[in-house]
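Below, each value reflects all heavy atoms present in this structure, side chains not excepted, and no hydrogens, waters or symmetry copies. When a residue number appears, it is its place in the shown sequence, counting from 1.
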Amino acid sequence: QVQLVESGGGLVQPGGSLRLSCAISGSSRSFDLMGWYRQAPGEGREKVALITTSGFTNYEDSVKGRFAISRDYAKNTIDLQMNILKPEDTAVYYCYVASPPRLYWGQGTQVTVSS
């Protein structure tokens, strides 16, 4: 069974940085799509970034130029470097991997941006 475990969340001041990591276990196969969503209180789940096996990346407009997604095949992780964080980035961040129709989610990690 595929399991995803996120880490790296926490409290950071506006303008600061965090690096999230999603450890993939239970499968050595590659997935077509990998990425991150987030959900703020009272809001729906929002796509943040995705990466494909070919290395194509895509970002939600509000994080372009500030966030960077990467895939570490040696560690079997999906990482999200978040820079110049803003209070509106506050949310629970979830990683996922997918090869339709299979889709797997992590349990989420809280990111709070506040002074």
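Distance check, rounded to the nearest 0.5 Å: CH2 of Trp36 to SG of Cys95 gives 4.5 Å. Atoms CG and SG, from Asp72 and Cys22 in turn, are 12.0 Å apart once rounded to the nearest 0.5 Å. Between the CG atom of Asp79 and the CD1 atom of Ile69 there is a distance of 9.0 Å, given to the nearest 0.5 Å. Interatomic distance, Met34 CE to Ser70 OG, rounded to the nearest 0.5 Å: 10.5 Å. If you take OG on Ser21 and CD1 on Ile78, they are separated by 8.5 Å, rounding to the nearest 0.5 Å. Of the inter-residue distances, the one linking Thr52 atom OG1 with Asp32 atom CG reads 8.5 Å to the nearest 0.5 angstrom.
Within 6.0 Å of CD in Gln107 there are more than 12 heavy atoms belonging to other residues, nucleotides or ligands. Atom NZ of Lys75 has 12 or fewer neighbouring heavy atoms from other residues, nucleotides or ligands inside a 6.0 Å radius.
Within the structure, every pair that satisfies the salt bridge (Lys or Arg N to Asp or Glu O under 4.0 Å) test and touches residues 84-99, not counting sequence neighbours, is listed here: Arg38-Asp89, Arg66-Asp89.
By the 4.5 Å heavy-atom criterion applied to side chains, Val111 and Thr90 are not counted as neighbours. Using a 4.5 Å cut-off on side-chain heavy atoms (C-beta onward), Arg102 and Phe31 make no contact. When side chains are defined from C-beta on, Gln81 counts as touching Ser17, because their heavy atoms get closer than 4.5 Å. Side-chain contact between Leu80 and Phe67 is present, with at least one heavy-atom pair separated by less than 4.5 Å. In this structure, Leu11 and Gln110 have side chains that are not in contact, with every pair of non-hydrogen atoms separated by 4.5 Å or more.
Side-chain contact check for Ser114 and Thr112: no donor-acceptor pair (N or O, by modelled atom type) lies under 3.5 Å. Defined by atom type and a distance below 3.5 Å, a donor-acceptor pair is missing between the side-chain atoms of Arg19 and Asn83.
Between Tyr93 and Leu20, the closest heavy-atom pair is CB-CD1, 3.6 Å. Between Pro14 and Ser115, the shortest heavy-atom distance links the atoms CD-N, 3.7 Å. Here the shortest heavy-atom pairing between Thr77 and Ala23 reads CG2-CA, 4.0 Å. Across Leu4 and Ile24, no two heavy atoms sit closer than the pair CD2-CG1, 3.6 Å.
Through direct or relayed side-chain contacts under 4.5 Å between Ile, Leu, Val, Met, Phe, Trp and Tyr, Tyr94 connects to Leu33, Tyr37, Leu50, Phe56, Val92, Tyr96, Leu103, Trp105.
In this structure, Thr57 contributes its side chain and Ile51 its backbone to no donor-acceptor pair below 3.5 Å. In this structure a side-chain-to-backbone donor-acceptor pair under 3.5 Å is missing from Glu60 to Lys64.
In this structure, Arg71 satisfies the cation-pi test against Tyr73, with its NZ or CZ atom closer than 6.0 Å to the six-membered ring centre and inside 45 degrees of the ring normal.
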Where do Gln3 and Tyr104 land on the side-chain contact (heavy atoms from CB on, under 4.5 Å) test, with the steps shown first? CA-CA 7 Å; Gln3 289 188 318; Tyr104 303 95; over 6 Å; no
